[in-house]
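Report on the structure given below.
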Amino acid sequence: MPPDEQEAQASTDEAKPATGMRRWAERNEALVSLLIPAFLLGMGRGFIVPVLPLLAIDFGTGAAGAGLLLFVPMFGGVIVSLPTGYLMDRIGRRKLLISSTLILSLSALLILRASSFAEILVYLGINGLAQQMWQMTRLTVIADSSAQNRRGRMITGMAGVSRAGTLLGPLAGGAIAELFGLRMPFLVFGIMALLATVPSYLFVRETAPAVLARRRGDTAAAQVDISWARLITRPVLVLFTAQFMANVGRGGVQGQGGIYVAYAAFAYGLGAIELGGISSAMGVVGIPVTLMAGQVMDRFGRKRTIVPASALLAVGLWIMGGVAWSELGLPFFILGFITINLAVSFMAGSMQTLGSDVAPAAARGKFFGVNRLIAEAGSATNPGIFTLSVALIAGAGGFTVAFASMGGFAIAASLLIGLVLRETLRKD
């Protein structure tokens with residue numbers, strides 16, 4: 001049966017007793033529709049982490065080229081955020097979940113045949129666009145269907161299994177790159193994204209209020225919206241500002257590596273296997289910290305994770321700046337890298353949870369469209385700062401300015417949330 005007909009009969013299906021695979025899927029809905037796809041996509045992204053800076057070296061584009069390879073997926077996420085938000089409210093969540101993973105798979109596979117650096121940039125941009133579509137839609141489904149005092153655990157659970165997938169990806173991806181060439185990890189990524197489509201197609205049900213209202217024939221409910229004047233409140237403005245600042249600080253830890261893997265490749269001459277090993281090790285460190293953060297958020301409040309994590313992130317970035325300025329050895333780099341990853345792991349899912357608390361139920365897609373636009377703009381600014389700094393300032397000074405600037409944004413986010421924003425967890 002086509003997906004649209006499946007959706008149209010959702011209410012009828014709910015009335016029928018579930019049997020076999022459907023019954024098992026309903027009992028394990030979070031596992032099937034949330035955690036398995038997050039794990040597969042995390043693993044796919046992990047496979048390509050160690051090869052991105054090496055592709056830049058292979059094309060002779062230098063550190064600035066490596067920064068571009070990290071920047072363009074984030075830029076793709078920026079430009080698709082608002083359209084995705086509107087589409088989620090108008091056509092529904094399920095269609096976007098399915099289409100986003102298919103686009104992810106196609107864009108990864110197209111990189112196998114790319115003949116120029118510019119072509120790779122285009123496909124990576126499309127890949128980042130699709131990743132953002134999936135992340136936004138999955139986050140909105142959680143906000144639609146989970147109680148407030150469980151959102152932290154649900155969102156960090158998704159982040160945790162994604163990191164578990166990323167943990168397995170880089171080392172294996174580095175080995176595949178060494179044995180079969182730098183492009184082959186993208187083949188694995190494409191296969192993982194295609195597999196992630198299956199649970200969404202088979203088991204995810206629609207949760208968009210307007211779409212469900214149309215199916216019930218409730219015209220008035222289907223047309224309910226919220227004006228920008230009511231949407232943009234003081235807490236929302238504070239959240240948006242802090243979101244941008246926090247993501248400028250942490251945006252470089254894409255797939256446990258990002259700009260830091262690029263720095264290690266150029267500063268220490270590490271190869272694919274070494275870069276993949278460092279990234280995988282950070283996954284080991286980060287997974288239990290991420291899961292613990294969800295428990296802390298749901299029990300003690302959102303600020304208890306965001307404020308200290310942002311401050312620790314600033315410290316780690318300034319350590320990294322000192323390592324670059326003094327041209328210290330690899331052990332000092334690893335110290336800074338561990339500090340940054342601990343902070344980012346403890347912060348994983350916290351800003352999204354905070355956003356789900358303040359998002360209006362009638363227009364969650366619209367809200368998350370703006371929120372993720374701001375978040376992805378911050379994330380894209382991170383490798384943007386890195387790229388500009390190393391392009392304009394020669395030697396260690398470029399790396400130092402980049403890391404120090406990011407640390408400034410991270411500490412600003414910590415102060416803003418800690419001093420201005422009220423706790424959003426309700427304990428009633």
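Checking side-chain atoms of K303 against main-chain N and O of L421 turns up a donor-acceptor pair under 3.5 Å. A donor-acceptor contact shorter than 3.5 Å is absent between the side chain of S414 and the backbone of S310. A distance-only check finds a donor-acceptor pair linking the side chain of W318 to the backbone of A404 [under 3.5 Å]. No donor-acceptor distance shorter than 3.5 angstrom exists from the side chain of R94 to the backbone of R205, with no hydrogens or angles considered. With S105 contributing its side chain and L102 its backbone, the two residues share no donor-acceptor pair below 3.5 Å. Looking at T387, its side chain never comes within 3.5 Å of a backbone N or O of G384 through a donor-acceptor pair. Between the side chain of R302 and the backbone N or O of M297 there is at least one donor-acceptor pair closer than 3.5 Å.
Distance check, rounded to the nearest 0.5 Å: CG of L195 to CD1 of I36 gives 11.0 Å. We find the CD1-CG distance between I191 and L109 to be 7.5 Å, quoted to the nearest 0.5 Å. Here L237 contributes atom CG and I374 contributes atom CD1; the two are 8.5 Å apart, rounded to the nearest 0.5 Å. Interatomic distance, CG of L106 versus OH of Y123, reported as 8.5 Å (0.5 Å rounding). If you take CG on L335 and CD1 on I340, they are separated by 9.5 Å, rounding to the nearest 0.5 Å. Annotation: the span from L416 atom CG to F244 atom CZ amounts to 13.0 Å, rounded to 0.5 Å.
When side chains are defined from C-beta on, Q131 does not count as touching L41, because their heavy atoms never get closer than 4.5 Å. The closest side-chain heavy-atom distance from F409 to N382 is not below 4.5 Å. Using a 4.5 Å cut-off on side-chain heavy atoms (C-beta onward), F186 and L124 make contact. Taking 4.5 Å as the limit, every side-chain heavy atom of L354 sits out of range of all side-chain heavy atoms of S350. With contacts defined as side-chain heavy-atom distances shorter than 4.5 Å, the pair R234/V420 qualifies. For the pair N371 and F240, the minimum side-chain heavy-atom distance is below 4.5 Å. Residues M245 and I417 are not in side-chain contact: their nearest non-hydrogen atoms beyond the backbone lie 4.5 Å or more apart.
Nearest heavy-atom pair across M192 and L40 is CB-O, 3.5 Å. Taking every heavy atom of both residues into account, P185 and V51 meet most closely at CG-CG1, 3.8 Å. Shown here for L96 and T137, the closest heavy-atom pair between the two residues is CB-OG1, 3.7 Å. The two residues L239 and V358 come nearest to each other via the heavy atoms CD2-CG2, 3.6 Å. Closest non-hydrogen pair, L270 versus E274, comes out as CB-CB, 4.0 Å. The shortest non-hydrogen separation linking A396 to A324 is CB-O, 3.0 Å.
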Going by atom type alone, with no hydrogens or angles, which donor-acceptor pairs under 3.5 Å involve a side-chain atom of residues 74-83 and a protein atom two or more places apart or on another chain?
| unit_1 | atom_1 | unit_2 | atom_2 | d |
| --- | --- | --- | --- | --- |
| S81 | OG | G77 | O | 2.6 |
| S81 | OG | Q132 | NE2 | 3.0 |
| S81 | OG | R372 | O | 3.4 |
| S81 | OG | L373 | N | 3.4 |

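Residues satisfying the side chain to side chain donor-acceptor pair (under 3.5 Å) test with S107, not counting sequence neighbours, are N127. Every residue meeting the ring pair (Phe, Tyr, Trp, His ring centres under 6.0 Å) condition with F399, not counting sequence neighbours, appears here in chain and number order: Y263, F386. Applying the side chain to side chain donor-acceptor pair (under 3.5 Å) test to T197 and every residue at least two apart in sequence or in another chain returns T101. By the side chain to side chain donor-acceptor pair (under 3.5 Å) test, Q243 pairs with N247, sequence neighbours left out.
Within 6.0 Å of CZ in F332 there are 12 or fewer heavy atoms belonging to other residues, nucleotides or ligands.
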Given L330 and F333, is the side chain to side chain contact (heavy atoms under 4.5 Å, CB included) satisfied, shown in steps? CA-CA 5 Å; L330 184 61; F333 164 81; 3.8 Å; yes
Applying side chain to side chain contact (heavy atoms under 4.5 Å, CB included) to T305 and M347, what does each step give before you reach the verdict? CA-CA 6 Å; T305 64; M347 198 175 179; over 6 Å; no
Pair R45, V49 - check side chain to side chain contact (heavy atoms under 4.5 Å, CB included), show working. CA-CA 7 Å; R45 288 193 299 271; V49 165; 5.7 Å; no
With side chain to side chain contact (heavy atoms under 4.5 Å, CB included) as the criterion, how do R138 and V204 come out once you've worked through the C-alpha distance, each side chain's angles and the decisive distance to 0.1 Å? CA-CA 10 Å; R138 189 66 261 185; V204 172; 4.1 Å; yes
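Every pair tested for ring pair (Phe, Tyr, Trp, His ring centres under 6.0 Å) that includes a residue from residues 339-359 fails, sequence neighbours excluded, so the list is empty.
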